[in-house]
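Comments concern the structure below.
As the structure is a computational prediction, the values presented were derived from the model and not from experiment. Order of listing sets the numbers, starting from 1, for every ligand and every atom in it. Residues: numbered from 1 along the sequence shown.
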Amino acid sequence: MRTAHRTCPLCEAVCGLRLTLDDAGHVTSVKGDRDDPFSKGFICPKGATLGHLDEDPDRLRVPMIRTGGEWREASWDEAFRTVAEGLTGVIDAHGRQSLAVYLGNPNAHSMAGALYGGALIRALGTRNVFSASTADQMPKHVSCGLMLGDPLAIAVPDLDRTDYLLMLGANPLESNGSLCTAPDFPGRLKALRGRGGKLVVVDPRRTRTAALADEHLFVRPGTDAYLLFGIVHTLLAEDLTSADIGAGIDGVGVNGLEEVRRLAEDFAPEAVAPMCGVPAEEIVRLARELAAAPTAAVYARIGTCTAEFGTVAQWLVDVVNVLTGNFDRPGGVMFAKPAVENGRRSKPYVTGRWHSRVRGLPEANGELPVATLADEIETPGEGQVRGLVTVAGNPVLSAPGGPRLDRAFRDLEFMVCVDPYLNETTRHANVILPPPRVTQSPHYDLSLLAFAVRNYARFSPPILPLEPGRPSEAEIMARLAMIASGQGADADPAPLDELILDRMLRRAVETPGSPVEGADPAELRASLDGDSGAERRLDAMLKLGPYGLSLATLLANPHGIDLGPLEPRLAEIVRTASGRVELAPPRLVEDAARLRERLAVPPAEIVLIGRRHLRSNNSWLHNVEPLVGGTNRCTLQINPDDVSRLGLGERAVVRSAAGELVVPLEPTDTIMPGVVSLPHGWGHSGTSQPVAAKHAGVNANTLTDDSVVDAPSGNAVFNGVPVTLGRA
Ligand SMILES: Nc1nc2c(c(=O)[nH]1)N[C@H]1C(S)=C(S)[C@@H](COP(=O)(O)OP(=O)(O)OC[C@H]3O[C@@H](n4cnc5c(=O)[nH]c(N)nc54)[C@H](O)[C@@H]3O)O[C@H]1N2
Ligand SMILES: Nc1nc2c(c(=O)[nH]1)N[C@H]1C(S)=C(S)[C@@H](COP(=O)(O)OP(=O)(O)OC[C@H]3O[C@@H](n4cnc5c(=O)[nH]c(N)nc54)[C@H](O)[C@@H]3O)O[C@H]1N2
Ligand code: SF4
Ligand SMILES: [Mo]
């Protein structure tokens with residue numbers, strides 16, 4: 001028996017876990033780590049079943065090679081050789097622009113994804129870069145990029161100190177939070193109420209989060225931008241804005257206030273109320289309450305991002321936070337200061353540096369919208385995608401118009417997937433390269449700690465060793481990068497880490513004011529610790545970071561280190577060309593005009609939205625028996641009035657512009673009339689996962705339409721999809 005501590009890698013809450021293992025290395029129990037200063041023992045059912053996931057007998061343990069319809073196990077050498085032949089074959093025949101890469105959500109949780117994703121993209125040398133970000137948070141990146149000059153400068157609600165939280169399109173009691181790293185989100189919301197604060201939830205469903213709130217308001221899907229504009233209008237019309245805006249925030253000036261005032265004129269509460277379904281007097285009251293609260297924060301997540309005006313909505317969230325004087329202020333919204341900081345941008349943020357070949361959609365953050373991946377594969381011509389690399393993604397279930405991708409993937413000349421499962425997407429691969437188990441992998445949250453509600457750091461070394469000859473996920477990605485850059489299947493990936501380290505250390509010693517200014521890079525390199533290239537790179541980044549931590553300090557503190565509450569730091573954050581906060585970026589002003597034109601368009605009678613369940617995680621925890629037991633969760637929630645009005649039975653046919661599905665109905669008055677909700681990540685077929693196959697469900701993205709995107713960011717639209725319902 002032994003115990004080991006590590007961070008849960010499954011969601012953004014980064015809970016500390018305490019694992020017990022027997023002598024054979026089997027996980028016998030998983031509990032919350034009470035000594036973790038951030039999560040303090042909190043755990044959810046997913047974390048508690050991490051041992052089941054880790055030892056799932058259906059996970060792939062060795063590479064798989066497909067010939068025709070036949071899969072066989074292969075050695076790592078043969079697998080990498082097959083990848084080298086496949087990728088170079090496509091490059092030689094059609095050029096590098098015929099390659100595409102798709103990086104899925106778990107890359108945000110792994111050291112491998114954070115440290116090698118960029119190298120892999122550069123090595124592939126293609127502009128066809130896709131990721132789950134354009135099915136998720138790209139609108140927030142674009143709005144922050146345009147307002148603050150840095151797409152990663154995302155302010156999070158100061159949950160533990162705020163007096164008033166207005167939450168739109170998020171359900172942290174199921175999701176445990178997103179773009180707001182906060183272990184025990186439920187406990188933090190209860191504490192907010194306990195100290196006399198107020199929580200208001202805006203959601204087309206009365207969720208578990210809404211049930212915990214002081215107040216819940218139904219909003220018509222896809223219309224949060226109207227509601228937020230109504231609030232902005234009221235703040236300006238009633239002169240409720242903070243007196244200090246003119247003086248700037250933290251010494252940082254604010255541009256564009258008059259432009260916002262001009263735009264907001266057309267979005268009076270009475271004008272937007274019929275669109276968003278929130279009565280005008282409620283909109284006015286929300287604005288007054290936000291202005292009057294000693295501190296207040298507006299926080300909006302996936303329900304508002306994956307909508308047609310997602311970027312405008314995200315922008316208005318921060319406009320309200322600025323206008324009420326709550327931007328970069330304790331109790332308002334603030335910026336974390338992680339132990340490893342993101343590299344500073346040297347150029348102002350722009351989108352549209354290139355456009356997608358078929359639909360001419362603009363690039364954002366170096367990516368093209370996943371909503372146009374199928375177009376790029378299907379449409380012949382120079383630059384047609386013929387080869388695909390996926391890492392930790394399942395776009396057949398997660399991307400809009402998933403079934404179309406399912407068909408498109410069949411026509412690829414070569415596809416390689418890094419994934420522990422044979423699933424709806426990876427079944428189209430020629431080669432699957434499985435990463436090791438969670439317990440065999442090191443963990444540090446390079447991405448998520450930048451969005452934490454407290455500054456905190458924690459490193460988890462691997463608990464169990466790798467089997468001889470088995471590469472870590474970092475090595476798999478590094479070797480793929482070596483292959484893509486033409487160095488062959490047998491190239492040693494170690495020089496890649498050395499190259500990256502060398503660049504990092506040289507830049508640091510040349511940077512005025514850096515903790516190692518003027519030092520000798522070779523000496524610094526010699527002083528680095530770590531059992532792998534990835535760990536040595538982490539050690540270097542920690543040592544160069546704002547707290548001067550190191551791998552050794554983190555190893556000596558296995559429960560994590562509390563680095564204190566968030567502090568105002570806007571002056572360090574802003575990277576706009578003007579050096580000021582841009583309250584009215586031209587690209588968003590332009591989209592606001594489109595939003596104004598829509599005021600005249602009557603809304604669809606019935607629209608579809610998604611939802612999440614605590615025991616699920618997108619498409620990939622459905623093979624874990626303890627998480628899928630109980631009643632079927634892949635149901636269409638519908639208001640009972642709609643059931644009787646439409647004369648529906650136990651099941652219904654749902655049709656959209658993209659496709660149709662037959663689904664079981666779950667009548668509930670927790671959803672507003674005119675709205676139906678279906679969770680994504682289901683519709684399992686053709687996998688090697690017998691448990692998931694028993695709980696197959698249907699693919700919600702059969703109904704979502706890849707021809708519609710949020711214009712500024714190219715993000716997919718999952719909420720507010722017009723549908724019709726008929727008897728099954
Ligand atoms: N258990 C579990 N946890 C997860 C995940 C999971 O699949 N399962 N996925 C992880 C991922 S990848 C992410 S990005 C996060 C997401 O985390 P959250 O953003 O908290 O996501 P949801 O729980 O889907 O909550 C979104 C809410 O938006 C509502 N909504 C839908 N349309 C609209 C709209 O137009 N306006 C408004 N105001 N609300 C709307 C929905 O009813 C839903 O309650 O969760 C992460 N955590
Ligand atoms: N209709 C609708 N669609 C949605 C959403 C919605 O709300 N509604 N939400 C969207 C959101 S927010 C997101 S983030 C996307 C997610 O989109 P994806 O990232 O494409 O989908 P996931 O289901 O998260 O797939 C994760 C894949 O990674 C694999 N995996 C798990 N752990 C690891 C690992 O450590 N290494 C590697 N290499 N692979 C691993 C799993 O087996 C699985 O194949 O879905 C989006 N799709
Ligand atoms: S809340 Fe998220 S991080 Fe915490 S135990 Fe559950 S899945 Fe893991
Ligand atoms: Mo996500």
| message | If you apply the rule ring pair (Phe, Tyr, Trp, His ring centres under 6.0 Å), what do you find for His684 with His622, and how did you get there? | response | CA-CA 9 Å; His684 297 294; His622 299 155; 4.9 Å; yes
| request: Would you please test Asp203 and Arg301 for salt bridge (Lys or Arg N to Asp or Glu O under 4.0 Å) and show each step? | output: CA-CA 11 Å; Asp203 197 302; Arg301 215 18 210 115; over 6 Å; no
| task | Would you please test Ser619 and Asn394 for side chain to side chain donor-acceptor pair (under 3.5 Å) and show each step? | result | CA-CA 7 Å; Ser619 75; Asn394 192 0; 3.0 Å; yes
| ring pair (Phe, Tyr, Trp, His ring centres under 6.0 Å) between Phe38 and Tyr456, intermediate numbers included | CA-CA 7 Å; Phe38 198 21; Tyr456 159 89; 4.8 Å; yes
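Of the residues Val721, Val708, Leu595, Asn715, the one that meets the side-chain contact (heavy atoms from CB on, under 4.5 Å) test with Glu308 is Val708. Just one of Val320, Leu199, Val201, Ile231 meets the side-chain contact (heavy atoms from CB on, under 4.5 Å) condition when paired with Leu166; it is Ile231.
The closest approach between Gln137 and ligand 1 stays at or above 4.0 Å for every heavy atom of the residue. Heavy-atom separations between Asn176 and ligand 1 are all 4.0 Å or longer. Residue Ala307 places no heavy atom under 4.0 Å from ligand 1. Ligand 1 has at least one atom lying under 4.0 Å from a heavy atom of Ser616.
The residue among Pro106, Ser175, Ala108, Ala132 with a heavy atom at the shortest distance from atom 3 (N) of ligand 1 is Ser175. Distances from atom 42 (O) of ligand 1 to the heavy atoms of Leu227, Leu621, Asp224, Asp203 put Asp203 nearest. Comparing Arg612, Arg301, His613 by heavy-atom distance to atom 9 (N) of ligand 1, the nearest is Arg612.
Counting the atoms of ligand 1 from 1 in the order shown, those under 4.0 Å from a heavy atom of Asn719 are 31 (C), 32 (N). Shown in contact with Val14 at under 4.0 Å from a heavy atom are these atoms of ligand 3, numbered in order with element: 3 (S). Interface atoms of ligand 3 facing Leu10, defined by a heavy-atom separation under 4.0 Å, are 7 (S). Proximity to Leu614 (heavy-atom distance under 4.0 Å) selects the following atoms of ligand 1: 1 (N). Near Glu174, with a cut-off below 4.0 Å to any heavy atom, the atoms of ligand 1 are 1 (N), 2 (C), 3 (N). Annotation for ligand 1: atoms under 4.0 Å from non-hydrogen atoms of Thr207 are 44 (O). Contact atoms of ligand 1 toward Pro221: 34 (C), 35 (O) (distance under 4.0 Å to a heavy atom of the residue). Taking every heavy atom of Lys46 and a limit of under 4.0 angstrom, the matching atoms of ligand 3 come to 7 (S). Taking every heavy atom of Gly222 and a limit of under 4.0 angstrom, the matching atoms of ligand 1 come to 34 (C), 35 (O). In the vicinity of Lys46, heavy-atom distances shorter than 4.0 Å reach the ligand 1 atoms 1 (N), 2 (C), 3 (N). Counting atoms of ligand 1 from 1 in the listed order, those under 4.0 Å from a heavy atom of Asp136 are 14 (S).
Both the backbone and the side chain of Ile302 come within 4.0 Å of ligand 1, judged by heavy-atom distances. Heavy atoms of Asn617 found under 4.0 angstrom from ligand 1 belong to the backbone as well as the side chain. Contact annotation: for Asn171 versus ligand 1, heavy atoms closer than 4.0 Å belong to both the backbone and the side chain.
For atom 1 (S) of ligand 3, the closest heavy atom belonging to the protein is Asn176 ND2, 3.2 Å. Looking only at heavy atoms of the protein, atom 33 (C) of ligand 1 is closest to Gly303 O, 3.4 Å. In terms of protein heavy-atom proximity, atom 40 (C) of ligand 1 is closest to Pro204 CD, 3.2 Å. In terms of protein heavy-atom proximity, atom 6 (Fe) of ligand 3 is nearest to Cys44 SG, 2.3 Å. Atom 8 (Fe) of ligand 3 has as its closest protein heavy atom Cys8 SG, 2.3 Å. Protein heavy atom closest to atom 7 (O) of ligand 1, with residue, atom name and distance, is Asn618 N, 2.8 Å.
Ser178 and Glu12 share a side-chain donor-acceptor pair at under 3.5 Å. At a cut-off of 3.5 Å, with distance as the only test, a side-chain donor of Ser677 or Arg611 sits close to an acceptor on the other residue. A side-chain donor from one of Asn423 and Thr426 sits under 3.5 Å from a side-chain acceptor of the other.
Here the straight-line distance linking atom CZ of Arg633 with atom CZ of Arg615 works out to 7.5 Å at 0.5 Å rounding.
Between Leu168 and ligand 1, not a single N/O pair is under 3.5 Å apart. For ligand 1, none of its N or O atoms has an N or O atom of Asn105 under 3.5 Å away. Polar contact check, Arg205 against ligand 1: a nitrogen or oxygen pair lies under 3.5 Å apart. Taking only nitrogen or oxygen atoms, main chain and side chain alike, Val219 does not reach within less than 3.5 Å of ligand 1.
In this structure, Tyr444 has its ring center at least 6.0 angstrom away from the ring center of Phe459. Between His559 and His5, the gap from one ring centroid to the other is short of 6.0 Å.
Counting only distance, with no hydrogens or angles, the side chain of Asp445 and the backbone of Val14 share no donor-acceptor pair below 3.5 Å. Of the possible polar contacts, none joining the Asp214 side chain to the Val200 backbone as a donor-acceptor pair under 3.5 Å is found. Between the side chain of Asn701 and the backbone N or O of Gly401 there is no donor-acceptor pair closer than 3.5 Å.
For residue Cys11, no N/O/S atom approaches atom 8 (Fe) of ligand 3 to within less than 2.8 Å. The nearest N, O or S atom of Cys15 is closer to atom 4 (Fe) of ligand 3 than 2.8 Å.
Between Cys44 and Leu614 the shortest side-chain heavy-atom distance falls below 4.5 Å. Side-chain contact check for Leu173 versus Leu212: some heavy-atom pair is nearer than 4.5 Å.
Between Trp315 and Phe229, the ring planes are perpendicular. Angles over 60° get that label, and only those under 30° would be called parallel.
Closest approach of Ala297 and Pro157 over heavy atoms only: CB-CB, 4.0 Å.
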